Every structure is written in structure tokens, then in C-alpha cells.
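Reviewing the structure listed below.
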4 protein chains.
Amino acid sequence: MATRNTGVRAQQADETRARILKAAIRVFSQDGYSGGRIEKISRLAKSNDRMIYYYFKSKEQLFIQVLEHTYEQFNLAEAKQRFELDCASTALTQLVAFVWDYYFKHPEFVSILNTENLHKARHSRKSANLSALSGQALGNLAPIIRAGQAQGRFREDIDLTHTYLMISSLCYFYLSNLHTLCAFLGQDLSAPQARERWLLYIQDQVLRGVAK
Amino acid sequence: MATRNTGVRAQQADETRARILKAAIRVFSQDGYSGGRIEKISRLAKSNDRMIYYYFKSKEQLFIQVLEHTYEQFNLAEAKQRFELDCASTALTQLVAFVWDYYFKHPEFVSILNTENLHKARHSRKSANLSALSGQALGNLAPIIRAGQAQGRFREDIDLTHTYLMISSLCYFYLSNLHTLCAFLGQDLSAPQARERWLLYIQDQVLRGVAK
Amino acid sequence: MATRNTGVRAQQADETRARILKAAIRVFSQDGYSGGRIEKISRLAKSNDRMIYYYFKSKEQLFIQVLEHTYEQFNLAEAKQRFELDCASTALTQLVAFVWDYYFKHPEFVSILNTENLHKARHSRKSANLSALSGQALGNLAPIIRAGQAQGRFREDIDLTHTYLMISSLCYFYLSNLHTLCAFLGQDLSAPQARERWLLYIQDQVLRGVAK
Amino acid sequence: MATRNTGVRAQQADETRARILKAAIRVFSQDGYSGGRIEKISRLAKSNDRMIYYYFKSKEQLFIQVLEHTYEQFNLAEAKQRFELDCASTALTQLVAFVWDYYFKHPEFVSILNTENLHKARHSRKSANLSALSGQALGNLAPIIRAGQAQGRFREDIDLTHTYLMISSLCYFYLSNLHTLCAFLGQDLSAPQARERWLLYIQDQVLRGVAK
DNA sequence: AATGAATGAGGGTTCATTCAT
DNA sequence: TATGAATGAACCCTCATTCAT
């Protein structure tokens, strides 16, 4: 992704490319893949349609790059995290907070994953880079669980993947389905207090789930 | 939905309408709202484009009816459930199983909700009927929690909505994000055994969450 | 056109037919032939599309009937006129006033004629009745001119058709092109005073045109 | 309309645009606004549907441009006229001939104005340019009338607008309503001799109208 | 590197009309 | 007499994409 071009024009090109990608993320996350218009993207990027084909070849390729970028950013953010393992419970709580925060601050991540799932991960499978990206998903969680077990606080029979999925579920669903939930439950789940209460709740639930 | 028509012709009309609605559910759940083609729907319904406008006025109105139908069916299924409250834990376990089962057997429910959330519940807000449908979402859960508390098995400080959301999250996310999760985790979460293990796991987690 | 049916149902049928015709006149005169929608007509007639085909066979046939009716009404109104020939000038003035008044009170007459001219009188030529209707157009004018000549007030070399066309032109154009004229000239020709002044003016002009 | 483009490609583009406009004038004047088909226009222009939207945004905008062009051309032709004011009567006769000629040679002008009046000048009102165009309509007539009055040949109480409208009426109506008039009067008004006689007649009438 | 011009396929929708009762 | 159901063609318009500079 990072280009090693040094000339001024090459830098301009990189900037144009980056603007398009950023616009594409926004548009696809707002309107989905089918609903995302090339023209809307190019307008938002203050470029023109033709440039999109110049840099990305096709709408599909652009979306794949969006996907890759989206995953990459999440991985990057995850990799940056450092958890104090002295107290595994605290670490786990922090991990939950991190995931929750990331989803909240990156609604495009949630939305684009939804879109990709609508298409049964069709685009993900077409990406060479994506398979390389994955696999480290459990990287942060594993040491925490192990620490907790070593400290005698967490149960021995903990399934890592299940725990990971539980955390994801509890963070993702609330934000992903916010709009229909509000309509359905007649409650304003988007209010800051409601969100804070939910975070406290799921942190507690996750802890209970692993506790002895 | 309920029609008072008696003539043969009127009945055929109802059937045509129903075929279109059914086809629309399928197409919208497969391709989303923007991606869902009128022509594909009419072909699948063995009707023609014009009839869709005859019965539903527009693509958007059709989608709204699809939404209403989708919610309605879920409500109906929920309302049918009867839980033995003698053992609240068992009842809760059964409730989780029901939700899980429903989502699993009705992928269109999950998909259409995702699509609707992509559009920030825009269509739901345009529906007069939808607001009437909601509100009973917690109807099944509440008595179970109360029973468990009466039996001294569940904690007193249980938030009903939170518990409801937890159950939904754990059932929904797994199925909704199956494809990207498989790609990301490198595991086949769609295998029957994997699904069964997940159900057992979340039943356990929900119980831990409410237990004293 | 007038039907001699006597039964109650037959009368109802006549009424439906008449309502459709009336609605068609209004719609065609507002929207033209191409722009005139069958559905709009049937709605305005408080009937339904099917009835239009029942009574009129096709949109084109309906328009032809509208044309026939429109001409017929004008002929009828013309035939009703009686002019005192004692003073030919007064009679001519009254004739101009009649034509002006009729056009003004029957904008649909003007509009439908315009529409028919757009189509190069295609529909008129398809009508068997229309040719029968015409021919008496000059019936009112001729005796007046003759009287004026006999009275020594009008010139001998008056072309009847030309005079008729002049009267028509001066009445028709003002009303037919009212909207663009207002926009173009920046004057409100639709104001009652403006209309009255125009009538006085053209009456004077027509008189000057035939006077010795 | 005037373009400052210099490149070969840009010039070709201008030509395409011009071809579309020309085709649109023809089609709208033949079939009216509702009846005028985009496809027919693009075919006639040897272009394709898409280009119409590329250059004109919508059918309505295209029609507005057609209107503007039509008015503009007439204004241009009017502005080019130079009348010898030495003999006001001759000048007036020439003015009538000019108007008559223009309408005759530009049936699309007549037809498009009719169409626009059918729509109550709806499109004219949407045009920013059109209001600017108007206002000089009486520019040619005024000096002639003044000259005639100075020469003691024309009356003093002449209403400029009325005279203008009279000339327009007499030229316009004959041509605009040619087809129904032929059908109605049973005369061939489109024959060259008939047209020539009409021109002589209306020149005479206009003169009589202003003469002392 | 960047961009106007051009395109064909297909999008949702509406049309006049006919079928069947 | 009257009317809902059904239809195919066509309408305006938009889409992602390519051409040519």
C-alpha cells in the first residue's frame, strides 16, 4: 500500500489515491456495495470517475481495497494494544473496552463487514492480501486468558475462540443493529449513558464467563 | 395481510401478491435493497414487473412490506413459545435455543435487518405498522427472569433489556458475520458441530450472567 | 351522440359515458394528447380505466370523440346566435364579441385545437362526423357582411374567409398564447381590464377592415 | 452557446451538443413535450440517450434549452431587420412580411410556443435566461409607428402592444391552425397562392388599423 | 497525471391495453 | 354493467466503464 515514490507528482498521485480510498470507505459504508456510486466517491474525493479506474481498475477492486484497508487498520490498532497482565481481569476488561471503542469510533468497519457478509465474503475471498492479514485475531486475548488461568482466577476449560466471539458479539451487535433496536425496543440505545451502561454490563458478563 | 376476499379470482390475486412478497424477501435478503432487482423478484415470483407496482406501488414500499412481514413472522414465532417456568434455568436455556434456532432457520431475517440498519432504519420509520409491532420483544424473557428470581436462582439486579440484548447479540453476530469470521479466523464456524458447540456455550454464558 | 335508451341502467351508462367524456376533455386540454393519461381521466370521471375502453375502445377514439364534441359544442353555440342585421356594424361587433367570449369561456376548445394541430389534424381526418360538422363556419358572418354592403357601409371587395380568419386570429391568439406573451412582453394580459381593452380594440380593427 | 473551446475534441463535443439540440427542436416541435421521445432525439442526432443527459441533465432541461434557443433565434432575426423609415407604411408592410415569413419558415417556433402554452409557460418560468431575452419585442415596431405619426400618416392614439399583438395574431394563427382550418373550412389554405393572398390581406388590414 | 466525451446495458417505473369474471 | 388482475412494450434515466487526448 505504502508507495516509495519520491517525486512531487508521484506524491500528488498518492494523495489522490488516498483521497479516493477514504471517500470509498465512507460511501460504501453508507450505501453498501451496490448502492455505492462511483460518481459519489469521485465527487467526495474531489477527483473524477476516470481516476478511480486509473488507480483501482474497477468498482469491485476498489471495494476489495477498502476491505483490505479496513481490516488492516483494525489489525494495526489491535497490535498496538498492550495489556498489563499482572491482573488478568483488568486486562480482559480493558480488552473489551478496546474492542467496544474501536467499533464505536469506526462505524465504517462495522458497516463494511456487514456489507461483505451480505455478499457472503465474496470480495474477501478474491483478495490475496486478506488471508495474510488474518490469523492474529486472537493474539491479544490468548495471553490474557493464560495469565488469568496462571493466576488461578480464570477457569481452565476456556475456549479462546468462543471467548473472542462473545466479546465481538456483545460489542458488534449493539452498534450494528442500533437503529432497528431503537425502533423495536422503543429505547434510545444511542444515548451516551446507555452506551456506557452497556459497556459496563458486557465487561461484567465477559468476566463472569471466564471466572472460576 | 389477512384478506376477506372470497372469489376464485381474488384468491389468485392474493396468491400472486404473496408470491411476490416471498420472492422479494429472498432477493432483498440475498442482494440487499439497492442490489435487489425488481426484475429478479418478478421472475422468481413467476409474475412480471408491472404486478409489483400494481400491488406494492414502488420498490421502497415493497421493501417496507418485506420488513413488516419479517418482523411480524418473528413476533408470531416468539408469541407461540411457551416456557415451563418451574425451572427458570431450563426455560432460559430454551429461550436461547429458540432465538438461535429462529435466526439460523431464517437467514433472511438476519440479512434484512442488516440491510435495514445499513439504511439507518429509514424504511422502518416510514412504516406505520412497524411501531405497533414492537414493544412485546421482552414478553417472553420477563417472566422467566422473574421466576428465576422467585426461585432464588437468579440475581435481583438483572437488567431485562441488557439480558435480551446479550442473548440476541450472541445468536445474531455468529450467524450474521459467519462468512467474514470464517475467513478471518480460519475456522469453519458453519459446520454443524461448531454451531452446536456455540449454542451450548452461549446457553452457559447467559446462565452464568444471571446466576447468583 | 344522444342515446335514446330509456332503462334505468341504460341511463346510468349514459351518465358514466358522459362523465368520462367530460373528464377526457379536461385532461386532454390540460395535458395534450400524449400527456393525457387514461388513468387520470378515469379517476376524474370517478370510473375506472376499463370503462374507457368499454365505451370508447381506445385512447385515440376517445380523443376523436372529444374533438367531435368540442367542435359540435362550438357549432351549436354559433348556430344559436341571432344578429340584428339592421345595423351591420353592430352585428359584426357582436359577432366578434361572441367569438371572443366563447374562446375565453372555453379554454379547452382552444387547447384541444392546438393539440390537434400539433398532430396535423390527424385525428380530425379519422373522424367521419367531423367533416359533416364543418362547412357552416361562415354561416353567421356572411349575412352580416352582405347586410353591411347592402347598407353601403362595408366595402364590396370583402373576402369572407379572410374576414372570418381575421376575427378568429385576433380572438384565438391572445388567449392561446397568453402565457408566453405575458412572459415575453412582461405585461399581464390576463387581467380583466387588459382583456376588455383587447376586445374593444379588435372590434374596432375588424370594423376598420370592412369599412368603406 | 458561444464556446471558447479550442481543442479538436472540444469542438466535436460542441457539435454533438448542437446536433442534439437541433434534433430536440425538431422532435419536440413535431410531437410536443410529452410525446417527444428521448430516444427519437438521440437517434436523429446520431448520438445516444446517455449523451442527452450528459449535456442537458434531463428531458425538461433539454426542453428549456430548446425554448431558449427558439426565442433567441427569433430575437436575433428580429434584431437583424432594418426598416427604411422614410415611408412608414412601407416599413410596416415589410415588418408584417418579416413576421409572416419567419413564422412560415420556422414552423418549429410556432409549434414549440404552442406546446409551451399548453403547459402554461411552466418551462419558461424555470429558465433564468428567458426573462433576459424578452423586452425588446417591440423594438422594431415602435420606431415605425413613431415615424408614421411624424409623417402624419398614422393616427396618434395607437397602442403599440395592441398593434404588435395584431400582427402576431394574423401571422401566427393562420399557420398554427392551418390543419384544423383546412379541415373545417374545406379550403386548402396551405397552397402558395392562398398564403400569398393572406399576406397581402393582413398587410392591408394592419395598415388600415393604424391609418388616419 | 489527469480529464472531458462517449457508450451499452440495465435500472425503476409508467403506459395503454386486454383478460376473465 | 362494471371491475380487479394481468401484461408487454416503452419511457426516462443512471450505471459502471472505456475512449481519446
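As the structure is a prediction and not an experimental result, all values here were calculated from the model. Chain letters run A, B, ... following the sequence lines, proteins first and then strands; every chain starts at 1. Computation of the quantities below employed the complete heavy-atom set of this structure, encompassing side-chain atoms and omitting hydrogens, waters and symmetry-equivalent molecules.
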Assuming nearest nucleotide by heavy-atom distance, tell me which of Lys57(D) and Met51(C) is located more 5' along DNA chain F. Met51(C)

More 5' along DNA chain E: Ile38(C) or Tyr55(A), using each one's nearest nucleotide? Tyr55(A)

Between Lys46(D) (side chain only) and Ile20(D) (backbone N and O only), is there a donor and an acceptor less than 3.5 Å apart? no

Please determine if Glu116(C) and Arg125(C) form a salt bridge, counting it only when a charged side-chain N lies under 4.0 Å from a carboxylate O. no

Return yes if the base of dA5(E) and the side-chain atoms of Tyr54(D) contain a donor-acceptor N/O pair under 3.5 Å, otherwise no. yes

Assign each of Glu39(D) and Ser47(B) the nucleotide of DNA chain F bearing its closest heavy atom; nearer the 5' end lies the nucleotide of Ser47(B)

When both hydrogen-bonding distances must be under 3.5 Å and the geometry is Watson-Crick or G-U wobble, what is dT21(E) paired with, if anything? dA2(F)

Where Phe56(D) and Gln61(D) come nearest, the two heavy atoms and their spacing: O-CB, 2.9 Å

Phosphate-side-chain proximity, Thr16(A) and dA1(E), N/O vs OP1/OP2 below 4.0 Å: no

Between dT17(F) atom P and Ile41(A) atom CD1, what is the distance in whole Å? 11 Å

Check whether any side-chain N or O of Arg50(B) sits under 4.0 Å from OP1 or OP2 of dT13(E), and answer yes or no. no

Distance in angstrom units between Phe56(C) CZ and dT18(E) C1', rounded: 18 Å

Main-chain N/O of Pro107(D) paired to Ser111(D) side chain as donor or acceptor, under 3.5 Å: no

Checking contacts here: which listed nucleotide (dG12(E), dA5(E), dT17(E)) is nearest the side-chain heavy atoms of Asp49(C)? dT17(E)

Atom CD1 of Ile52(D) to atom P of dG8(E): distance rounded to whole Å? 14 Å

Is a donor from one side chain sitting under 3.5 angstrom from an acceptor on the other, for Ser42(B) and Asn48(B)? no

DNA chain E: 5'-proximal contact among Ala13(D) and Tyr33(B) (nearest heavy atom): Ala13(D)

Output the single nucleotide from dG11(E), dG8(F), dT17(F) whose closest atom is nearest the side chain of Asn48(B). dG8(F)

Partner of dG8(E) by Watson-Crick or G-U wobble geometry, both contacts under 3.5 Å, or none? dC15(F)

Identify which nucleotide among dA16(F), dA16(E), dC13(F) has an atom closest to any side-chain atom of Ser58(D), counting heavy atoms from C-beta outward. dC13(F)

Classify Gly35(D) by what it touches in the nucleic acid, base, sugar-phosphate, or nothing, heavy-atom distance under 4.0 Å. nothing

Rounded interatomic separation in angstrom, taking CD1 from Ile20(A) and C1' from dA2(E): 11 Å

Rounded interatomic separation in angstrom, taking CZ from Arg37(A) and P from dT17(F): 12 Å

Please report, rounded to the nearest Å, how far the P atom of dG11(E) is from the NZ atom of Lys59(B). 9 Å

Just N and O in the side chain of Tyr53(D): are any of them under 4.0 Å from OP1 or OP2 of dT14(F)? no

Considering non-hydrogen atoms only, spot the tightest contact between Ala45(D) and Arg19(D) and give its length. O-NE, 2.7 Å

Rounded interatomic separation in angstrom, taking CD from Gln12(B) and P from dT3(F): 21 Å

Distance check needed: dC13(F) C1' versus Gln61(D) CD, whole Å only. 14 Å

